[in-house]
There are 2 protein chains.
Amino acid sequence: MTAIKESSTRNENKEMSISACPVSYVMNKIGGHWKPVILYQLMSGPKRYSELRKAIPTITEKMLIQHLKQLQTDDLVIRTAEPVVPPFVTYKLSKVGESLTPVLNAIANWGYAQTGR
Amino acid sequence: MTAIKESSTRNENKEMSISACPVSYVMNKIGGHWKPVILYQLMSGPKRYSELRKAIPTITEKMLIQHLKQLQTDDLVIRTAEPVVPPFVTYKLSKVGESLTPVLNAIANWGYAQTGR
DNA sequence: ACAAGTACTTACCCTAAAGTATGTATCAAT
DNA sequence: ATTGATACATACTTTAGGGTAAGTACTTGT
């Protein structure tokens, strides 16, 4: 997952605006193209890794686990692995993740309104 | 503003998920780090270019006008220029831009809740 | 013996997004 | 004549994000 350069100006600018602006803070947590999409899928209940892949066909496996990992470390989703084989892994929203529901719904509703349902 | 390569796989994947998922559609319109921040600033009323710069100190001028232009072509903000010198240019939310208010408020509120106000 | 299913991991490469730095036009005031 | 203010523009470079392709581990079914 290739570490980020802490010292880059890019990162500094982000850090600064995060502490100053709530919107900026949120965009860092759930910004990017895929994270909100994944979270939106998990809003309808826990899903297995393979289910998520099917639900979001255009995402690559790399992106999917990469973001799932990030969402875990950000305490937005919880991973549960059954010690069986073949593996059975489910992902679900954490409490904090669930608190994003209004945000994701607001986003989705606006999207529907713009694209004409 | 360097044209994008329409044929890139990256773009294709985006296009596909945009049409399939409302969240993905929205992230393309107001995704990225700066666009929501700019829109959030404009929620409190029209602002001059220089006022926006002061309100978002960490953004570079390049990013600011680049995104302002994009937001214009996406019909989210309206630019008004008085034919005077020195220039007097104001930006404000369009009708569609104003319809983003619930989305941006939901985002900001969540941000406040997470960071502890 | 080996193919299939599941959930990853890793190495390599490419590109869009962002930053840096500098330049432009116009007029008023000093 | 030079400075200042305002709202940009443009060339160049860096970097984070994303894509491609291939491999791993473990067991059940054939």
Side-chain angles (χ1 to χ4, degrees), chain A residues 1-17 24 27-28 30-38 46-72 77 79-91, chain B residues 1-17 24 27-28 30-38 46-72 77 79-91:
Chain A
M1 229 203 309
T2 54
I4 56 168
K5 279 196 180 175
E6 301 249 359
S7 57
S8 68
T9 312
R10 204 152 167 178
N11 217 44
E12 279 175 27
N13 279 8
K14 266 194 182 179
E15 291 297 327
M16 288 189 64
S17 49
S24 200
M27 292 323 285
N28 251 270
I30 63 160
H33 186 74
W34 295 117
K35 272 193 227 168
V37 178
I38 295 171
K47 289 214 167 40
R48 291 185 67 175
Y49 175 79
S50 50
E51 290 178 307
L52 283 172
R53 256 177 37 210
K54 274 169 213 154
I56 318 171
T58 50
I59 199 173
T60 61
E61 286 197 80
K62 185 196 165 193
M63 283 299 102
L64 184 52
I65 32 136
Q66 192 175 105
H67 286 126
L68 282 173
K69 276 192 174 180
Q70 188 59 53
L71 291 169
Q72 277 174 79
V77 313
R79 193 190 99 117
T80 317
E82 313 281 342
V84 296
V85 69
F88 193 97
V89 179
T90 51
Y91 291 91
Chain B
M1 227 198 316
T2 54
I4 55 169
K5 278 197 181 174
E6 301 251 359
S7 56
S8 68
T9 312
R10 202 154 171 180
N11 216 45
E12 279 175 28
N13 279 9
K14 267 194 181 179
E15 292 295 328
M16 287 189 64
S17 49
S24 198
M27 293 322 284
N28 251 270
I30 64 160
H33 186 75
W34 296 117
K35 272 193 226 169
V37 179
I38 295 171
K47 288 215 168 39
R48 292 185 67 176
Y49 175 80
S50 51
E51 288 178 308
L52 283 171
R53 256 178 36 210
K54 273 169 216 157
I56 317 170
T58 50
I59 199 173
T60 60
E61 286 197 81
K62 186 194 165 195
M63 283 299 102
L64 184 52
I65 34 141
Q66 192 174 106
H67 286 125
L68 282 172
K69 276 192 175 180
Q70 189 60 53
L71 292 169
Q72 277 174 78
V77 314
R79 192 190 99 117
T80 317
E82 312 281 340
V84 295
V85 68
F88 193 97
V89 179
T90 51
Y91 292 90

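Since the model is a prediction, treat every value here as computed from it, not as a measurement. Naming: A, B, ... by sequence-line order, numbering from 1 per chain.
Between the CD atom of A:Gln66 and the P atom of D:dG17 there is a distance of 8 Å, rounded to whole Å. Atom CD1 in B:Ile38 sits about 13 Å away from atom C1' in C:dA18, given to the nearest Å. Separating the CH2 atom of B:Trp34 from the C1' atom of C:dA18 is a distance of 10 Å, rounded to the nearest angstrom. In this entry the distance linking CD1 of A:Ile59 with P of D:dG17 reads 14 Å, nearest Å. Rounded to a whole Å, the CE atom of B:Met63 is 14 Å from the P atom of C:dA16. One interatomic measurement links the two molecules: CG of B:Leu64 to P of D:dC8, which rounds to 9 Å at whole-angstrom precision. In this structure, B:Met27 places its CE atom 15 Å from C1' of C:dA17, rounding to the nearest Å. Between B:Gln72 atom CD and D:dA7 atom P there is a gap of 14 Å when expressed in whole angstrom units.
Taking both residues in full, the closest heavy atoms of A:Ala81 and A:Val89 are given as CB-CG2, 4.1 Å, listed atom of the first, atom of the second, then distance.
When side chains are defined from C-beta on, B:Ile38 does not count as touching B:Val77, because their heavy atoms never get closer than 4.5 Å. Using a 4.5 Å heavy-atom cutoff, the side chains of A:Tyr91 and A:Arg79 are in contact. Between A:Leu64 and A:Trp34, every side-chain heavy-atom pair lies at or beyond the 4.5 Å cut-off. No side-chain heavy atom of A:Thr90 sits less than 4.5 Å from a side-chain heavy atom of A:Glu51. The side-chain heavy atoms of B:Leu68 and B:Leu52, taken from C-beta on, include a pair separated by under 4.5 Å.
One finds a side-chain N or O of B:His67 lying less than 4.0 angstrom from the OP1 or OP2 phosphate oxygen of C:dA18. When the side-chain nitrogen and oxygen atoms of B:Thr60 are compared with OP1 and OP2 of C:dG19, one or more of them lie within a distance under 4.0 Å.
To the nearest 0.5 angstrom, A:Arg53 atom CZ is 11.0 Å from A:Ile65 atom CD1. Atom CD1 of B:Ile59 is separated from atom NZ of B:Lys54 by 15.5 Å, given to the nearest 0.5 angstrom.
An angle of 20°, rounded to 10°, separates the two end axes of the helix from C:dA1-D:dT30 to C:dT30-D:dA1, each defined over five pairs.
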Output a table of nitrogen or oxygen pairs between the protein and nucleotides 4-8 of chain C separated by less than 3.5 Å.
residue, atom, partner, partner atom, Å
C:dT6, O3', A:Arg48, NH2, 3.1
C:dT6, O3', A:Pro87, O, 3.0
C:dA7, OP1, A:Arg48, NE, 3.0
C:dA7, OP1, A:Arg48, NH2, 3.0
C:dA7, OP1, A:Val89, N, 3.3
C:dA7, OP2, A:Ser50, N, 3.1
C:dA7, OP2, A:Ser50, OG, 3.0
C:dC8, OP1, A:Arg79, NH1, 2.3
C:dC8, OP2, A:Arg79, NH1, 3.4
C:dC8, OP2, A:Tyr91, OH, 2.7
C:dC8, N4, A:Glu61, OE1, 3.3
C:dC8, N4, A:Glu61, OE2, 3.3

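Residues forming a side-chain hydrogen bond (donor to acceptor under 3.5 Å, both in side chains) with A:Lys35 (at least two apart in sequence, or on another chain): none.
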